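Everything quoted here is computed from the prediction, not taken from an experiment.
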Amino acid sequence: MSEWDHEFDLVIVGSGAGGMAAALTAHDSGLSAVVVEKGGKFGGSTGISGGGIWIPNNPALRAKGHDDSRESIRRYLDLLTGGRVPAARLDAFVDEGPAAMELLCRSRWMRFFWVKGYSDYHPELEGGRPMGRSIEALPFDTRKLGEDERHQRPNSMKGPLGLWITAKDYHDLAMVKRTWRGRRASVVAAWRVASNLVRRRHMATGGRALVARLRMAVKDAGVPLWLKTPMTDLVTDEGKAVTGIVARRDGEEIRIRGRYGVLLATGGFDHNPEMRAKHLPEGGREDFGMGARENTGDGILAGERLGADLGLMDDAWWMPAVRHPAGAVIPLVSERCIPPSIIVSSDGRRFTNESSPYVNFVHDQLAGGHVPAWFVMDAKARERYPFAQILPGAPIPRGYYEKGIAFEAGTVEELAGKIGVPAGTLAETVARFNRFAEAGKDEDFGRGDSAYDRYYGDPTLKNPNLDVIGKAPFHAFRIEVGDLGTKGGLVCDEHSRVLRADESVIEGLYATGNTSASVMGNEYAGPGATIGPSIVFGYIAARHAAAKR
């Protein structure tokens, strides 16, 4: 056990936002650290995400005058999590979050802006904010990464010809056929394309901008990042305290000591079929995951071998999705707010508020066994709004029809026959929805009542989320149960230390991000409530490790 190939104060496994935030914190605390990454690209799931960060009272929000009371934040989280998360964990997230972001912002590279109006996911709860608490990294020219640029993976927020869009741009462009703001956003988009061609910039936004900025900050701090270095096991002192890891690098097995601990930030088990089959509910076991392909539960399994307790293993950061004919999984975020549309189960009936937060939508879908579901819309919807990366008015690619993903018909009844639902029931469902649309009130599920619903809705309508489904041809898309990652993992305390089932601490072992059981419980506070806690508990872990010196 005394033979080590490398020694550091803190070994960090995983290069997502939580891992790199921990690296910066370790450096700031005077610790030597290393980040080891299984994949050939850095950034993990953060790098292919929207990149939102939900941390109340962070510097970007305070700069805009939004200084929440601690009581309101805790009240919101208490109502949201319903007693399923230890109070000490929630306290740590709320109290340490601002300090974590302040530390990041001391780097010249870390710059953020408030996504104004992107509501908390449950703004109707006491302490929820309709104007939102989410922030996003400023766009970044990845040419500044130098040699590291080739280790960046693309994400879904990058458009053709170098077009780059932020979360706000995405919101505005969804209404390109309906509002002046949308039309203005299209002009800005055209200007960006022309500007990039002239200036030869490689602009990144969202999660890709965030991890690029974090990479530059980590590089400035002198913390090494080793790619293609998968952890294969944890090393312990006589089976008790964790003292390091075993990994593979350049084809050889190496042992890396962590004098004050090891932080697991390896993601969830999104792409581990055995773990999905064992832990996730029926209907959510097939892999329609949108996280990094390297997320196969490595950290969770390593902790479990040491007797770590597991929590929330039957849940995920669910996201309704459409399978692209080529195999990619396309998330449905703004699409579920398209006014002349509904989502029905195999019996032809609606089963929930289509425009609700995506985790809640899928929770209802799974609870009722509505897998698959069908997204039904009319010709107006296709003319006015984008859907699954298909531009408004553009034809649906033939591959969708050939693969049985999309269907088209001249009447609602004919469409029902094609997707295998009762024709009379679907016609009744559409007629009932149309009455709600005309009145501007969804009496069944309250669609459009929440500020979150309305964010991606059409502001030109009485109710931004309701419009009559009536113009032929009619379309239906098969909706899959997708996810942005799994929610369950190693149970941790308020210091990010991994716990056993008897609540004793596995000394020297920390976890953050989707490797740990989520501080959000079964819920989702707002845009970035995955990345925000990952950053905060990575920060907390590094600070706790530093206190051991």
Side-chain angles (χ1 to χ4, degrees), residues 12 14 16-22 24-25 44-46 49-58 60-61 68 70 73-74 76-78 80-81 84-104 112 120-122 127 132-137 207 210-211 214 263-268 291 295 299-300 311-312 315-317 357 359 483-499 510-544:
I12 300 163
M20 287 204 274
L24 293 174
T25 306
S45 291
T46 305
S49 72
I53 299 172
W54 198 89
I55 298 176
N57 283 343
N58 65 67
L61 290 176
D68 289 343
R70 184 186 186 282
I73 300 165
R74 280 295 276 112
Y76 179 58
L77 291 174
D78 280 343
L80 198 70
T81 56
R84 293 182 296 274
V85 177
R89 285 269 287 171
L90 292 172
D91 287 338
F93 172 64
V94 172
D95 294 338
E96 299 297 330
M101 290 303 296
E102 286 162 10
L103 185 147
L104 296 190
F112 303 93
D120 284 348
Y121 285 170
H122 297 278
R133 294 177 167 107
S134 182
I135 64 170
E136 185 177 336
L210 174 59
V211 297
L214 283 167
L263 171 64
L264 300 178
T266 58
N295 294 348
I300 298 171
L312 296 173
D315 208 354
W317 302 99
V359 162
D483 64 78
L484 304 175
T486 47
K487 259 180 180 281
L490 306 175
V491 173
C492 297
D493 68 5
E494 65 272 23
H495 303 298
S496 300
R497 297 180 298 181
V498 176
L499 303 177
Y510 303 90
T512 191
N514 290 349
T515 311
S516 60
S518 173
V519 74
M520 294 292 156
N522 298 107
E523 266 292 354
Y524 212 143
T530 51
I531 295 174
S534 182
I535 289 172
V536 175
F537 285 103
Y539 165 88
I540 288 172
R543 284 287 195 232
H544 189 273

Is the backbone of [Y] close enough, under 3.5 Å, to the side chain of [X] for a donor and an acceptor to pair up by distance?
X	Y	value
Tyr76	Ala525	yes
Asp120	Gly526	no
Ser518	Met520	yes
Thr512	Ala265	no

Quick one: closest heavy-atom pair of [X] and [Y], and the distance?
X	Y	value
Ile300	Gly267	CD1-O, 4.4 Å
Ala542	Ala22	CB-O, 3.5 Å
Ile73	Arg133	CG1-NH2, 4.1 Å
Val359	Asn522	CG1-O, 3.8 Å
Leu490	Ala511	CD1-CB, 4.1 Å
Asp68	Pro56	OD2-CB, 4.5 Å

Does the side chain of [X] reach to within under 4.5 Å of the side chain of [Y], using non-hydrogen atoms?
X	Y	result
Thr25	Arg543	yes
Asp91	Glu494	no
Leu214	Thr46	no

Interatomic spacing from CD1 in Ile12 to OG1 in Thr266 - rounded to 0.5 Å: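 The OG1 atom of Thr266 is 13.0 Å from CD1 of Ile12, to the nearest 0.5 Å.
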Separation of Asp493 CG from Ser516 OG (nearest 0.5 Å):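 If we round to the nearest 0.5 Å, Ser516:OG and Asp493:CG are 11.0 Å apart.
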side-chain hydrogen bond (donor to acceptor under 3.5 Å, both in side chains) evaluation trace for Ser45 with Asn514: CA-CA 10 Å; Ser45 291; Asn514 290 349; 5.7 Å; no
Could you go through residues 529-540 and list every donor-acceptor pair under 3.5 Å that involves a side-chain atom there, pairing it with any protein atom two or more places apart or in another chain?
residue, atom, partner, partner atom, Å
Ser534, OG, Gly18, N, 3.3

Show which side-chain atoms of residues 93-102 pair as donor or acceptor with protein atoms under 3.5 Å away, not counting sequence neighbours.
residue, atom, partner, partner atom, Å
Asp95, OD1, Arg70, NE, 2.7
Asp95, OD1, Arg70, NH2, 3.4
Asp95, OD2, Arg70, NH2, 3.2
Glu102, OE2, Arg62, NH2, 2.8

side-chain contact (heavy atoms from CB on, under 4.5 Å) between Asn58 and Ile135, intermediate numbers included: CA-CA 9 Å; Asn58 65 67; Ile135 64 170; 3.7 Å; yes
Residue among Arg497, His495, His544 satisfying side-chain hydrogen bond (donor to acceptor under 3.5 Å, both in side chains) with Tyr510: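 Per the side-chain hydrogen bond (donor to acceptor under 3.5 Å, both in side chains) rule, the option paired with Tyr510 is His544, out of Arg497, His495, His544.
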